[in-house]
Amino acid sequence: MALVNVIPAVPLETRLAALEQTSLLRFMTCGSVDDGKSTLIGRLLYDSKMIFDDQLAALEEDSKRFGTRGGAIDFALLVDGLAAEREQGITIDVAYRYFATGKRKFIVADTPGHEQYTRNMVTGASTADAAVILVDARQGVVTQTRRHSYLIALVGIRSVVLAVNKMDLVDFSQAVFDKIVADYQAFGEKIGLASFLAIPISALEGDNVTRCSASTPWYDGPTLLSHLESLTIADRKQSLDFRFWVQWVNRAGPDFRGFAGTVSSGKVKRGDTVRLAPSGRISSVTRILGPDGDLDEAAADQSVTLTLAHEIDVARGDLLSTPDASPGLSDQFEVTLVWMADRPMLPGRSYWLKIGTRTVSAIVTDLKYVVNVNTLEHTAAKTLELNGIGICNIGLGQAVPFDAYADNHETGGFILIDRMTNATVGAGMILFALRRSQNIHWQSVDIDRAARAGLKHQKPAILWFTGLSGAGKSTIANLVEKRLHIAGKHTYMLDGDNVRHGLNRDLGFTDADRVENIRRIGEVAKLMVDAGLIVMVSFISPFRSERRMARELVAPGEFIEIYVNTPLALAESRDPKGLYKRARRGEIKNFTGIDSPYEPPEEPEIALDTSRLSAEEAAHTVIAKLIEFGIVAAV
Amino acid sequence: MSTMTHLQQLEAEAIHVMREVVAECAHPVMLYSIGKDSSVMLHLAMKAFHPAKPPFPLLHVDTTWKFREMIAFRDATAKRLGLDLIVHVNQEGVAQGVSPFTHGSSLHTEIMKTAALKQALDKYGFDAAFGGARRDEEKSRAKERIFSFRAAGHRWDPRQQRPELWRLYNTKIGKGESIRVFPLSNWTELDVWQYIYMQAIPVVPLYFAKPRQVVERDGMLIMVDDHRLPLEPGEVPQMHKVRFRTLGCYPLTGAIESDAETVGDIVEEMLTTHLSERQGRVIDFDATASMEKKKRDGYF
């Protein structure tokens, strides 16, 4: 079974040739804290002779110090890698392990069982071909089992093994085993996990893990290892339609332009006609460069470089497909979203979305409901918290080629990236495109913003005043508007009073509502810029990401961020509307500067220190800057 | 249906990772440590960008205590492949006379390797650095991502790693931050040798057994590579037929007795060995969680 047992009498070349034919299986293990996952992996490594003598010596040493088996070898310690884990006796992250038999090499993603680490489970599952779900024979199917199984079904792993562990502790009872299998079957049907193989094992003793157990004469199925050795995995991906994300354009010389990437699904032959998305252009494949030279054909998972017959415009993020079954193209989707960050997902906030090799801006427009993975109940929610799973509508800054995740993981799965921290905050799976994105097309009209602005002899722009309540934003903005108006410029002022009382009167002051508030103001300001106006926006707008979102709605140079900088103490001492006093008394919740944060601009176009400048001086500074930026001529 | 072998899959994954970095990062560099893993990584880079050359330089952090054959091999390899090679030495360390003998193995590694690496990355402003580390080498590596995010100051926080889903790698970073990228994450030592065998990749001759001058210290065979190795009273270098499983600073790298003179012999030896490759590394023995601690401080 193990590599060492390959018969040494066979010539080396023959043995190496056999080794070169081994395939690869990636699988994950999951279960709750004490189901014995680590022990199972330790057992697989040990029995396939993947543990070296010095590692074994270290393990014996560790078992005496940290072990939970009274000094006997604790296989779990082999896998619990980080020092913090060994001290706490828990697994805190996905760990990858490797072992091989004569037939196959295995990559095991060991994912923790604690509730708070759904994130890691989904991560491990996204690259796994198979999943081994452990249950403790004494406990049966528990909440964690259901949670993990739901996630596995959600991510779309098709080969599932239910390993009923610790059979030695229930006297290898068939009745216990059958009951657990029946329970699991009933649950599996509810979540669309149609088929699975159940195996009674003892990871500690090795029963039915690598050797058939004499204690389970009633079980005539394969051992866990022989089952994992014989699973077929490659066929499905190759039978899907051809998809290829262009990853990098290779311009090796004046005569060579190749498109490097990894085949997502299906296969492509030299001479095949291919369609490029989103442009829709058609060409044919002239060369397929593989790692060892030219190929006639490339299939799913191969990293190759393609050359095309025509000189068409191809860039990173484009998707090549077969022309008779090409992907959809949309900028609005209904998706399943798994949230992976401590800061909750707020509808309306802008994120980066990466699908394939394409990254675009994205906004969750609507959180329809969240799924309780323990009960499968749907509940309404305004935000998606860490480890939450929600069904959402999502809108993108531009249309992307896609397939439904159920049809193709590589063209239907995406990640969301926080624009401020750059952290990966969400994993999503496309359910379908929303029809309205196909129905609503921007009217292409001849009278454009340049024409409208030209008529007014001005350059449209947004002057975005941000700062604490009482900083003097509206006062300064009013003075600026008067100066511009006198100079014959067409302006409009959007401020809290005229927007909060009308367009945004349904919004309160929670973080989620503040985000939506600013989104709407940004959109209105954008329309006004389109109409050729110079728009003054005067809002506290405390979050950088929303101000950035507003900035990105218009062309570069059209967004002027004006930071009205006033120390909190000064703003509070002015307190023209008495709001700070009420906030301090607790009568107003979520008041910026008191119990809600203000994130100052990092690089505002204009910064005004109103502890030094009078309102008139500040307005003068703004006008001078506008002249400098070329927004207006001399005023 | 054609099925890729496990080596073909690992090869494709590594190539995909390298192209992703080149497509998304502004200033990538490849850490070239001259060992077998670096040789495989470099070989894969030549394939990934063929017919173009890899669009990044190689960087070697020279502790000044590497085997002489490593340095010769390094220079010959860069020349053979026509690649830019940057060699960085921590000159402050040299000025202070840092060596494994005067400062101990930990401090020597900290100053001449970890600090030197940070110096070099900062000096050239590299935002992504390929390394040849594998997850099977050591327990704390098993949990590291392929794209390992480093905060300003090159710190690694195992609790703040970015999840890696499907083939989607998040390469976005802020000012002063960087990414270490490990294309060989999923390779094992045996995979590396098998691949070297199949692809006939040149490696430093120190991996092959031949009679060499060694002294035995603390149960390890240390090669007398030059006159700087201080001999203890009564210590006489002996000729032993030895080879190395990993290569580092010669006073810190233990040789093993072996008859493996070819790559094929090495693969065969791998199939029957009972000891892991890191048993020859002095620096790993310092403390149980030694590697994790070094990584948090910025070690590769």
Side-chain angles (χ1 to χ4, degrees), chain A residues 3-4 6 12 16 19-24 52-55 62 81-83 92-98 100 104-105 107 119-120 122-123 126-127 234-235 238 247-248 250-253 256 260 262 289 291 299 301-303 305 316 340 352 354 357 409-410 413-415 417 422-424 427, chain B residues 1-13 15-16 19-20 22-23 47-52 135-136 139-143 158-168 170 172-174 177 185-186 188 190-191 194 197-198 264 267-268 271-276 279 288-289 292-293:
Chain A
L3 290 171
V4 281
V6 178
L12 180 66
L16 285 170
L19 279 178
E20 283 160 20
Q21 294 313 308
T22 54
S23 58
L24 180 68
F52 295 114
D53 287 356
D54 55 316
Q55 291 173 327
D62 284 356
L82 301 178
I92 58 172
D93 206 329
V94 191
Y96 295 90
R97 299 287 154 189
Y98 306 86
R104 197 164 251 183
K105 170 178 165 140
I107 301 179
R119 161 177 79 173
N120 294 331
V122 170
T123 303
S126 74
T127 52
D235 299 6
Q238 289 192 22
Q247 190 180 16
W248 183 69
N250 189 334
R251 294 184 185 87
F256 186 90
T262 304
L289 286 78
D301 294 336
Q302 282 182 264
S303 290
T305 301
R316 173 174 165 87
M340 303 187 154
W352 289 117
K354 186 171 184 181
T357 54
H409 293 186
E410 306 258 346
F414 62 86
I415 55 172
I417 299 168
N422 290 323
T424 302
Chain B
M1 292 291 168
S2 59
T3 304
M4 292 166 81
T5 67
H6 84 273
L7 283 176
Q8 286 171 332
Q9 294 222 27
L10 294 175
E11 178 186 63
E13 177 182 74
I15 289 174
H16 179 86
R19 288 171 173 172
E20 198 64 10
V22 163
K47 289 176 178 234
F49 304 100
H50 177 81
R135 286 179 182 143
D136 84 321
K139 273 195 276 188
S140 79
R141 294 238 202 249
K143 311 216 162 183
R159 286 173 194 262
Q160 293 295 326
Q161 299 199 81
R162 294 174 178 177
E164 291 180 344
L165 294 120
W166 300 290
R167 264 195 263 271
L168 300 174
N170 173 2
K172 289 203 182 283
I173 50 169
E177 298 166 343
S185 286
N186 285 323
T188 61
L190 179 61
D191 294 332
Q194 251 183 274
Y197 176 83
M198 283 173 57
V267 175
E268 179 155 39
L271 296 176
T272 50
T273 186
H274 297 290
L275 292 171
S276 81
Q279 44 102 17
T288 312
E292 184 186 343
K293 194 192 164 299

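Chain A is the first sequence line, chain B the second, and so forth, proteins listed ahead of strands; every chain is numbered from 1. Quick note: numbers below take in every heavy atom, side chains included, and nothing from hydrogens, waters or symmetry partners. This structure is a prediction, so every number in the text was calculated from the model and none was measured.
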At what distance, to the nearest 0.5 angstrom, does [atom1] of [X] lie from [atom2] of [Y]?
{"X": "A/T127", "Y": "B/E13", "atom1": "OG1", "atom2": "CD", "answer": "8.5 Å"}
{"X": "A/I415", "Y": "B/E164", "atom1": "CD1", "atom2": "CD", "answer": "9.0 Å"}
{"X": "B/L7", "Y": "A/L24", "atom1": "CG", "atom2": "CG", "answer": "9.5 Å"}
{"X": "B/D136", "Y": "A/Y98", "atom1": "CG", "atom2": "OH", "answer": "7.5 Å"}

Tell me, side chain or backbone of [X] under 4.5 Å from chain A's heavy atoms, or both, or neither?
{"X": "B/E11", "result": "side chain"}
{"X": "B/L165", "result": "both"}
{"X": "B/K47", "result": "side chain"}

- Task: Would you check if A/L289 and B/P51 make a side-chain contact, meaning some heavy-atom pair closer than 4.5 Å?
- Result: yes

- Query: Are the side chains of B/Q8 and A/D301 in touch, meaning some heavy atoms are under 4.5 Å apart?
  - Reply: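 No, their side chains stay 4.5 Å or more apart.
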
For residues [X] and [Y], report the shortest heavy-atom separation together with the two atoms involved.
{"X": "B/K172", "Y": "A/I417", "answer": "CD-CG2, 4.3 Å"}
{"X": "B/W166", "Y": "A/F414", "answer": "CZ3-O, 3.6 Å"}
{"X": "A/T22", "Y": "B/H6", "answer": "OG1-ND1, 2.6 Å"}
{"X": "B/A52", "Y": "A/A252", "answer": "N-CB, 3.5 Å"}

- Apply salt bridge (charged side-chain N to carboxylate O under 4.0 Å, His left out) to A/K105 and list each qualifying residue two or more places apart in sequence or on a separate chain.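 A/K105 satisfies salt bridge (charged side-chain N to carboxylate O under 4.0 Å, His left out) with B/D191 only.
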
- Looking only at side chains, do A/T357 and B/R19 share a donor and an acceptor under 3.5 Å apart?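 No donor-acceptor contact under 3.5 Å links the two side chains.
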
Tell me, for [X] versus chain B, whether the close heavy atoms (under 4.5 Å) come from the side chain, the backbone, both or neither.
{"X": "A/N250", "value": "side chain"}
{"X": "A/A260", "value": "both"}
{"X": "A/F256", "value": "side chain"}

Which residue out of [options] racks up the most heavy-atom pairs below 4.5 Å with chain A?
{"options": "B/G174, B/A48, B/S185, B/P163", "result": "B/P163"}
{"options": "B/T5, B/L10, B/N170", "result": "B/N170"}
{"options": "B/I15, B/L168, B/I173", "result": "B/L168"}

- Message: B/H16: which residues meet the ring pair (Phe, Tyr, Trp, His ring centres under 6.0 Å) condition with it, sequence neighbours left out?
- Response: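 Scan of B/H16 (ring pair (Phe, Tyr, Trp, His ring centres under 6.0 Å), adjacent residues dropped) gives none.
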
- Task: Kindly determine whether A/H409 and B/R167 satisfy side chain to side chain contact (heavy atoms under 4.5 Å, CB included), including the steps that lead there.
- Result: CA-CA 10 Å; A/H409 293 186; B/R167 264 195 263 271; over 6 Å; no

